[in-house]
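Taking it in order: structure first as structure tokens, then the write-up.
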There are 2 protein chains.
Amino acid sequence: MISLKDLKKKVKENGYKLTPQRKAILKVLIGHNKHFISAEDILKETIKIYPNLNITTIYRNLEILEDINMLHKTKDNNTALYCLICEESHHHHIICKICGKTEIIDFCPLKKFSDLVKEKNFILTDHKIELYGYCEDCKKDLNP
Amino acid sequence: MISLKDLKKKVKENGYKLTPQRKAILKVLIGHNKHFISAEDILKETIKIYPNLNITTIYRNLEILEDINMLHKTKDNNTALYCLICEESHHHHIICKICGKTEIIDFCPLKKFSDLVKEKNFILTDHKIELYGYCEDCKKDLNP
DNA sequence: TTGTAAATGCAAATAATTTGCAATTAGGAG
DNA sequence: CTCCTAATTGCAAATTATTTGCATTTACAA
């Protein structure tokens with residue numbers, strides 16, 4: 001289980017200061033561990049911890065966390081979503097198209113891809129596998 | 001091989017008119033078949049065919065084509081990219097992080113995912129697998 | 001040929017994200 | 001502990017892709 005302490009440590013190791021704003025953001029992220037969350041929603045949560053934190057600060061910190069490989073960013077609609085990278089296991093997600101609920105799919109077919117990629121003379125650096133559908137709650141509301 | 005004629009037919013079948021602007025857009029899309037392209041780049045190309053076509057028209061048509069399932073939209077950086085859906089084969093892509101060149105990876109591990117998804121009580125409706133890296137040309141320019 | 005809903009072009013609006021800049025602050029050096 | 005400096009923040013304004021309102025034009029079925 002990833003801890004707030006670990007996150008703070010990694011931030012410091014990378015030469016960034018531990019401001020109260022940054023700590024609040026980390027706390028919120030860890031509260032949503034393994035689920036995607038938007039910058040705006042992070043703001044709503046952090047404000048409870050550090051009342052007048054600015055959205056700019058959120059964005060700047062998310063960018064830093066992404067740079068030092070602590071955060072995974074994805075953008076499918078018009079709003080970017082973020083999710084802590086927990087290194088324990090490499091995995092992908094299924095995302096509910098209605099409520100955004102996210103579950104982990106603990107399987108990665110990357111090895112099978114890498115040969116195919118080599119054939120195309122690409123160097124593979126990143127990959128993103130996202131599954132979409134309806135979660136248990138939302139599927140009840142679907143029209144028959 | 002998908003043809004312009006097929007595309008026009010599908011557009012008509014769905015009750016949309018065949019305006020010259022729309023035809024120009026389809027022509028450009030088919031010219032980039034199996035590769036992603038941005039709205040702005042589509043505009044640059046269509047303008048050669050239909051000189052004062054407006055970017056709004058591009059966006060509105062891309063939305064229609066997406067609605068009738070002729071177009072696949074993806075958004076990773078801040079710009080959406082579009083790619084005709086050719087139904088002949090289901091596949092995924094590798095995208096060069098520098099120049100955007102796209103190649104097809106003709107493999108889909110979806111079946112392996114579906115069992116895992118069922119365990120989570122989701123209904124799986126869509127999936128997106130995107131691989132990123134550097135293409136043959138761009139990898140030459142990478143710093144050593 | 002005509003009528004009408006669909007489609008277009010333009011300008012203005014929107015919304016997420018970024019940037020400039022002055023003020024504040026974390027945290028290492030002394 | 002105090003001071004210094006680079007890092008960080010907050011605010012307001014800029015940016016950029018995309019969308020919307022509206023008047024005008026057009027495809028195409030009758």
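Reminder, nothing fancy here: chain letters follow the sequence lines and each chain counts from 1. Excluded from the calculations below are hydrogen atoms, water molecules and symmetry mates; all remaining heavy atoms, backbone and side chain alike, are included. This is a predicted model, so every value here is computed, not measured.
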A:Arg60 side chain near D:dT9 phosphate (N/O to OP1/OP2, under 4.0 Å): no
Nucleotide nearest A:Thr57 (side chain, heavy atoms from C-beta), chosen from D:dT19, D:dA29, D:dT9: D:dT9
Among D:dT18, D:dT9, C:dA6, the nucleotide that comes nearest once only the side chain of B:Thr79 is considered: D:dT18
Candidate nucleotides C:dT8, D:dT19, C:dG27, ranked by approach to the side chain of B:Arg22 - the nearest: C:dT8
Among C:dA26, D:dG10, C:dG9, the nucleotide that comes nearest once only the side chain of A:Pro20 is considered: C:dA26
Atom pair CD/CD1 of B:Glu66 and B:Ile85 - distance to nearest 0.5 Å: 8.0 Å
Below 4.0 Å: OP1/OP2 of D:dT9 and any side-chain N or O of A:Asn54: no
Option from B:Thr46, B:Ile2, B:Ile37 for which side-chain contact (heavy atoms from CB on, under 4.5 Å) with B:Leu29 holds: B:Ile37
Spacing between A:Leu43 atom CG and C:dA15 atom C1', to the nearest angstrom: 15 Å
Touch class at under 4.0 angstrom, heavy-atom based, for A:Ile55 against every strand present: nothing
Short side-chain N/O contact from B:Lys12 to OP1 or OP2 of D:dA29, under 4.0 Å: yes
Reference residue B:Leu65; test side-chain contact (heavy atoms from CB on, under 4.5 Å); the match among B:Leu84, B:Asn14, B:Leu26: B:Leu26
Nearest-angstrom distance from the residue atom CG of A:Asn52 to P of D:dA12: 12 Å
Rounded interatomic separation in angstrom, taking OH from B:Tyr59 and C1' from C:dC10: 16 Å
Spacing of A:Lys73 atom NZ relative to C:dA16 atom C1', expressed in whole Å: 10 Å
Atom pair distance, as rounded to whole Å: CD1 in A:Ile64 and C1' in C:dA26: 14 Å
Integer-rounded Å distance: C:dA7 C1' and B:Lys23 NZ: 14 Å
B:Asn54-B:Thr57 side chain donor-acceptor pair, cut-off 3.5 Å: no
Nearest-nucleotide comparison on DNA chain D, the residue closer to the 5′ end among B:Thr19 and B:Tyr82: B:Tyr82
Nearest-Å distance for atom pair CD1/P, residues B:Ile42 and D:dT18: 10 Å
Spacing between A:Leu18 atom CG and D:dT8 atom C1', to the nearest angstrom: 12 Å
Closest nucleotide among D:dT19, D:dT9, C:dT17 to the B:Thr56 side chain: D:dT19
Among C:dA7, C:dG9, C:dA16, the one nearest B:Gln21 by side-chain distance: C:dG9
Residue-phosphate contact under 4.0 Å: B:Lys17 side-chain N/O, D:dA29 OP1/OP2: no
Pair A:Lys44 + A:Glu40, salt bridge at N-O below 4.0 Å: no
